[in-house]
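Just below is one structure, and these are the notes that go with it.
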Amino acid sequence: RWADLYIGIRRTLYFEQYIPLLQNNAGWTDAQVESYKELAIAESKSVRALYYFELIKRYGGVPLVKKTYTLDDKEIITLPRNNFSDCVDYIVNLCNEASEIFTRYNYITNQYRGFGFLSASTCPLAIKAKTLAYAASPLFNNVQNPILGYTDGNVQERWKLAAKALKTVIDLAPSKLYLYPNFEKLFIIQPNQNTEYIVYTGNPKNYMLELYNYPPSLLGSGGTCPSHNLVCAFEKKDGSANDMQSDTRFENMDPRFDVTIVRDGSILGARGAIDISDPNSQDAIGKVNLRSTVTGYYLRKFLDTNINLSAQTITSTYHYFPVIRLADIYLLYAEAMNEAYGPNDAADLGWTALEALNKVRTRAGITVPYTTTSQTEMTKKIRNERRVELAFEDQRYFDLRRWKTAEKDLNQPLMGFRIERQDNGVVSTHEFVVDGQRKFNTKMYYSPIPYSEMQLNTNLVQNPGWR
């Protein structure tokens, strides 16, 4: 990731260096050409801000490269790591500069950009807001080394700053973005029809995700097997806790459950129920080597169940994966407000932490709003909500790191759940350990700078615990 992200950063700098030289060969007016150049530069700065955000959430402070270099320029291999606060300020400034240009040209609607970065006025604001939320998080505060985070004690002010930035994005929602009403369809509709995606990645039309993740009975490879740990995080539709030992364990579940997880009895499109409990089924645990589930579950999220892998001509579909979407922003706002003001104080921002949380839960289909006066209980609820709402969106690992809870949560065994139905109708259930060897050491809160980079640039300082 280090090298890939810096390659992307160099490309944005190179683009911004040469786009002013663009000639008018399309019969545009001078004003049109100038606006095109400025808007293109704003998009480029948004991309660079995103790349630096991806760097600092992994490594802490990194070298800030602000110009292009030639092959014979040795300065590039002598740049030291900047302090974490410098990197955050640089990202915020890039986002502010991009947002100012978008606003000046009234460039306010989300624009479809094919398969990659979705760039419009909301994007730099969202990147800025998410960066500030990370900057306020426990991992990057009250540290001794300024490269790794903030050494002062102003964490509450940082949460307030993050909350304000997040609310700025949310306030665009009535005319620009809103929570898409259908959670299941959210992940398979095209971005120009998607009211929730802010930044995304995607691929040309294909059926590879279904091929890799459908159960074997549907000719898939069962690639991603959700853990029982995740399944236990889902609540009932009324917000109550689920009892996995009950015969009604999968009834009246949070509606997101059945569009995230394939469990025994799940219906996948027109091809009927998936039978994991029959030991003779292809979909039973470990039945088909390297294809059947190892946990008792298969992935449902992101898959288009209209795709039939047994058809003579297999149809294809678009797959889009959110990097930042509006529900993520809502939940970060709830987190920032709770840390700064508690669950029920809206301050001067209009929404309380509870209101933001419940908007996401209501869209999901949870029928009873969550209430609490406890900041600690609210923190637990927000963190679980992020786990459920954003499952398989590459958020959980980084959330656990920034909360500094990974050494507890990621040192737990990865669990599975077996349901076996015998020919005589007797059903037995039990949890089992899939992987009891998972280890998360405290040094893993910051990723190691690649050894090859350390060899090239002797001014780089490696993260603690790594060599």
Side-chain angles (χ1 to χ4, degrees), residues 184 207-236 241-305 307-310 387-388 391-394 396-397 409-440:
E184 178 181 5
Y207 55 84
M208 300 310 294
L209 201 66
E210 289 72 22
L211 180 64
Y212 292 149
N213 290 288
Y214 269 0
S217 64
L218 301 185
L219 304 183
S221 298
T224 299
C225 301
S227 70
H228 188 57
N229 312 59
L230 170 61
V231 169
C232 291
F234 284 88
E235 301 169 338
K236 292 292 190 180
N242 187 27
D243 180 6
M244 287 302 298
Q245 302 307 314
S246 168
D247 291 340
T248 61
R249 65 181 68 85
F250 295 135
E251 295 179 12
N252 298 313
M253 290 291 288
D254 175 342
R256 290 172 295 191
F257 175 72
D258 278 323
V259 295
T260 303
I261 308 288
V262 174
R263 42 88 177 177
D264 183 52
S266 286
I267 306 296
L268 283 186
R271 284 167 292 288
I274 302 301
D275 192 348
I276 302 174
S277 59
D278 181 355
N280 298 313
S281 167
Q282 293 183 70
D283 300 331
I285 296 173
K287 184 66 174 179
V288 180
N289 187 40
L290 300 179
R291 292 179 62 204
S292 296
T293 178
V294 296
T295 64
Y297 306 101
Y298 294 94
L299 179 68
R300 171 66 178 82
K301 194 172 185 177
F302 300 116
L303 304 186
D304 187 341
T305 58
I307 289 182
N308 182 359
L309 297 178
S310 65
R387 182 179 194 179
V388 169
F392 304 107
E393 295 181 35
D394 202 22
R396 176 71 174 168
Y397 176 70
D409 293 308
L410 294 183
N411 281 320
Q412 302 294 319
L414 188 145
M415 302 299 292
F417 189 68
R418 186 183 298 272
I419 304 174
E420 285 192 334
R421 184 173 288 103
Q422 305 301 327
D423 292 339
N424 59 7
V426 175
V427 177
S428 62
T429 64
H430 68 272
E431 297 180 356
F432 64 95
V433 175
V434 177
D435 181 1
Q437 303 299 313
R438 296 198 303 170
K439 298 294 181 185
F440 185 95

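- Within the 4.5 Å cutoff, no side-chain heavy atoms of L218 are placed close to those of L309.
- Evaluation of the side-chain hydrogen bond (donor to acceptor under 3.5 Å, both in side chains) test over residues 246-256, restricted to residues two or more places apart or in two chains, returns S246-T248, D254-R256, R256-E385, R256-E389.
- Residues E420 and H430 are not in side-chain contact: their nearest non-hydrogen atoms beyond the backbone lie 4.5 Å or more apart.
- Of the options V262, T224, T260, a side chain to side chain contact (heavy atoms under 4.5 Å, CB included) to K301 is made by T260 and by none of the others.
- Among residues two or more places apart in sequence or in another chain, the ring pair (Phe, Tyr, Trp, His ring centres under 6.0 Å) test is passed with F250 by F257.
- Here the side chains of V231 and N242 are not in contact, with every heavy-atom distance at 4.5 Å or above.
- Considering only heavy atoms from C-beta on, R300 stays 4.5 Å or farther from D258 through its side chain.
- The two residues R387 and L230 have their closest heavy-atom pair at NH2-N, 3.7 Å.
- Aromatic ring orientation, F417 versus Y297: parallel (interplanar angle below 30°, classes split at 30° and 60°).
- A pairwise comparison of heavy atoms in F234 and I261 identifies CE1-CG1, 4.3 Å as the closest pair.
- The structure places OG of S428 at 6.0 Å from CD of Q422, a figure rounded to the nearest 0.5 Å.
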Next on the checklist: side-chain contact (heavy atoms from CB on, under 4.5 Å) for E393 and F302? Distances and angles first, verdict last.
Outcome noted: CA-CA 10 Å; E393 295 181 35; F302 300 116; 3.9 Å; yes
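- From T305, atom OG1 reaches atom CD of E210 across 9.0 Å, with rounding to the nearest 0.5 Å.
- Between V433 and P413, the shortest heavy-atom contact is CG1-CB, 4.1 Å.
- Note that CG of D275 is 9.5 Å distant from CG of N280, once rounded to the nearest 0.5 Å.
- Listed here is the closest heavy atom pair of Q282 and Y298: O-OH, 4.4 Å.
- Summarising the local packing, OH of Y212 is surrounded by 12 or fewer heavy atoms from other residues, nucleotides or ligands at distances under 6.0 Å.
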